[in-house]
Amino acid sequence: MLDPKIPAGPLSDKWTQHKGHCKLINPANKRKFEVLVVGTGLAGASAAASLAELGYNVKAFCVQDSPRRAHSIAAQGGINAAKNYQNDGDSVWRLFYDTIKGGDYRSREANVHRLAEVSVNIIDQCVAQGVPFARDYGGLLDNRSFGGAQVSRTFYARGQTGQQLLLGAYSALSKEINRGAVKMYSRREMMDLVVVDGKARGIVCRNLVTGEIESYAGDAVLLCTGGYGNVFYLSTNAMNSNVTAAWRCHRKGAYFANPCYTQIHPTCIPVSGDHQSKLTLMSESLRNDGRVWVPKNKGDSRPASQIPEDERDYYLERKY
């Protein structure tokens with residue numbers, strides 16, 4: 001049986017109690033530890049920057065020529081958080097329930113509840129990093145309904161949410177690189193994992209510029225390499241090369257569980273021919289609050305609020 005290492009206790013308190021009983025490390029001792037972070041997308045860049053700020057020595061690796069080119073930039077829709085700014089009844093429990101339901105009841109409940117808990121703080125972290133979330137006319141952070149949710153909980157930056165979030169994480173990472181707490185290794189592809197006494201203690205990677213094989217040792221290894229999108233035949237997931245790291249770790253004895261983050265997306269354009277290698281995702285301007293329309297009658301000069309629904313032409317939906 002695969003042990004998910006989920007703490008004991010009531011569902012809503014599992015991870016809070018676990019954090020409260022974890023052993024702490026003295027700030028002077030943190031400088032003695034080396035952490036290797038593979039991947040510099042939203043997870044990797046924020047993890048590397050946060051660990052460096054805590055005092056650990058961090059080495060970060062990415063396959064691109066710059067961390068800014070991680071695939072996280074492809075996420076457009078927004079990021080959910082149970083802030084309840086719209087006062088429409090949202091809560092941590094409701095976000096937890098919607099996520100469990102949206103995942104076809106296959107997710108680990110304790111982990112999803114923890115995700116709903118920390119969602120509130122993640123928005124504040126992103127704002128502190130300078131992410132330009134959309135705001136209402138009063139200057140407060142704006143929300144929209146997205147993905148079929150009954151509440152407005154999606155924070156967004158137009159159609160560039162993933163890119164703006166990545167730039168925020170990258171700026172925090174760059175600050176730690178400049179401070180010397182993070183050493184950045186770009187154009188490296190992880191080829192193997194070094195295991196000592198059953199624990200990951202280093203990696204072997206290829207320098208994609210020179211072709212040389214390099215090895216790096218550390219006290220812990222973080223895989224922030226994204227999901228395995230290739231598990232689907234036709235999918236909106238990009239065909240990434242990130243499975244290399246996960247597969248190498250599997251060969252070293254790690255269990256390969258949940259190889260992809262499955263998103264049930266209602267806005268995929270069906271395959272129309274052999275020219276499509278995967279499903280195509282509809283534009284932002286087709287969905288929910290972002291839908292675009294024009295008056296059906298040419299030359300209609302009435303204000304938008306005075307044009308009834310049956311006289312509006314959602315032309316993008318019609319064409320799709």
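- Placement of V196 and L223 in two distinct hydrophobic clusters is found when ILVMFWY residues are connected by side-chain heavy-atom separations under 4.5 Å, directly or transitively.
- Side-chain contact between P10 and Q17: present, with at least one pair of heavy atoms (C-beta onward) separated by less than 4.5 Å.
- Nearest heavy-atom pair across G41 and A70 is CA-CB, 3.5 Å.
- Atom CG of D274 has 12 or fewer neighbouring heavy atoms from other residues, nucleotides or ligands inside a 6.0 Å radius.
- For K101, the NZ atom sits in a loose shell: 12 or fewer heavy atoms of surrounding residues, nucleotides or ligands are nearer than 6.0 Å.
- Distance alone, capped at 3.5 Å, places no donor-acceptor pair between the K59 side chain and the K183 backbone.
- With a 4.5 Å cut-off on side-chain heavy atoms, V127 and F155 do not count as touching.
- A salt bridge does not link K199 to D197: none of the charged side-chain nitrogens sits closer than 4.0 Å to a carboxylate oxygen.
- Within the model, atoms NZ of K14 and CD of E117 stand 12.0 Å from one another, a figure rounded to the nearest 0.5 Å.
- No salt bridge links R94 with D88; every basic N to acidic carboxylate O contact stays at or beyond 4.0 Å.
- Contact of the L11 side chain with the F96 side chain is registered, since non-hydrogen atoms from C-beta on lie closer than 4.5 Å.
- Looking at every heavy atom in both residues, A149 comes nearest to R153 through CB-NH1, 4.0 Å.
- Side-chain atoms of R108 do not come within 3.5 Å of backbone N or O of I6 as any donor-acceptor pair.
- F33 approaches D219 most closely through the heavy-atom pair CA-OD2, 3.3 Å.
- Formation of a donor-acceptor pair under 3.5 Å by the R251 side chain with backbone atoms of C249 is not found in this model.
- In terms of hydrophobic clustering, with Ile, Leu, Val, Met, Phe, Trp and Tyr side chains grouped at heavy-atom distances under 4.5 Å, Y85 and V118 are assigned to a common cluster.
- In this structure, P308 and R302 have side chains that are in contact, with non-hydrogen atoms separated by less than 4.5 Å.
- Follow the hydrophobic side-chain contacts under 4.5 Å out from V112 and you never reach V92; the two are in separate clusters.
- Checked by atom type and distance alone, the side chain of T40 never pairs as donor or acceptor with a backbone atom of G44 at under 3.5 Å.
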Next on the checklist: Between K19 and R114, is the side-chain contact (heavy atoms from CB on, under 4.5 Å) condition met? List the steps.
Outcome noted: CA-CA 11 Å; K19 283 189 64 179; R114 183 61 182 164; 3.1 Å; yes

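- Side chain of K83 to main chain of V120: a donor-acceptor pair is present (N/O by atom type, distance under 3.5 Å, no hydrogens or angles).
- Judged by distance alone, the side chain of R248 and the main-chain N or O of M191 form a donor-acceptor pair under 3.5 Å.
- The environment of CZ in R206 is sparse: at most 12 heavy-atom neighbours from other residues, nucleotides or ligands sit within 6.0 Å.
- The environment of OH in Y97 is sparse: at most 12 heavy-atom neighbours from other residues, nucleotides or ligands sit within 6.0 Å.
- For the pair K296 (side chain) and D313 (backbone), a donor-acceptor distance under 3.5 Å is absent.
- Counting heavy atoms from C-beta outward, M190 and F61 have side chains that stay 4.5 Å or more apart.
- When the side chains of ILVMFWY residues are joined at heavy-atom separations under 4.5 Å, either directly or via intervening members, L54 and I177 end up in a single hydrophobic cluster.
- In plain terms, the two heavy atoms of R312 and A304 that are nearest each other are NH2-O, 3.3 Å.
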Next on the checklist: Walk me through whether R68 and L167 qualify under side-chain contact (heavy atoms from CB on, under 4.5 Å).
Outcome noted: CA-CA 7 Å; R68 291 178 298 175; L167 289 173; 4.1 Å; yes

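- Smallest separation of non-hydrogen atoms from E176 and A52: OE1-CB, 3.6 Å.
- When all heavy atoms of K5 and W15 are compared, the closest pair comes out as O-CH2, 4.2 Å.
- Dense packing is recorded around CZ of R188, with more than 12 heavy atoms of other residues, nucleotides or ligands lying under 6.0 Å away.
- The shortest side-chain heavy-atom distance between L51 and L222 falls under the 4.5 Å cut-off.
- The distance from the CG atom of L141 to the CG atom of D124 is 8.5 Å, given to the nearest 0.5 Å.
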Item to check | Step-by-step side-chain contact (heavy atoms from CB on, under 4.5 Å) determination, D65 to R69 | outcome: CA-CA 8 Å; D65 55 356; R69 299 192 65 184; 3.0 Å; yes

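- Residue C205 holds its SG atom at 12.0 Å from CG of L193, rounded to the nearest 0.5 Å.
- Both L166 and I79 are assigned to one and the same hydrophobic cluster, defined by single-linkage of ILVMFWY side chains at heavy-atom distances under 4.5 Å.
- For the residue pair N207 / E212, no side-chain donor-acceptor distance below 3.5 Å is found, with atom types taken as modelled.
- In this structure a side-chain-to-backbone donor-acceptor pair under 3.5 Å is missing from T225 to A245.
- Interatomic distance, CD1 of I73 versus CG of L42, reported as 10.5 Å (0.5 Å rounding).
- Here the CG-CG distance, from N80 to L95, works out to 6.5 Å after rounding to the nearest 0.5 Å.
- Judged purely by atom type and a 3.5 angstrom limit, D142 has no side-chain atom pairing as donor or acceptor with the backbone of D136.
- Judged purely by atom type and a 3.5 angstrom limit, S171 uses its side chain to pair as donor or acceptor with the backbone of G168.
- If you check the side chains of Y314 and E309, you find a donor sitting under 3.5 Å from an acceptor.
- Looking only at side-chain heavy atoms (C-beta outward), L165 and F133 come within less than 4.5 Å of each other.
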Item to check | Audit row: Q125, Q129, side-chain contact (heavy atoms from CB on, under 4.5 Å) steps and yes/no | outcome: CA-CA 6 Å; Q125 176 187 347; Q129 289 177 338; 3.6 Å; yes

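- Applying the side-chain contact (heavy atoms from CB on, under 4.5 Å) test to S12 and every residue at least two apart in sequence or in another chain returns H113.
- Summarising the geometry, atom CD belonging to E311 is positioned 9.5 Å from atom CH2 belonging to W293; distances are rounded to the nearest 0.5 Å.
- With contacts defined as side-chain heavy-atom distances shorter than 4.5 Å, the pair M184/C62 qualifies.
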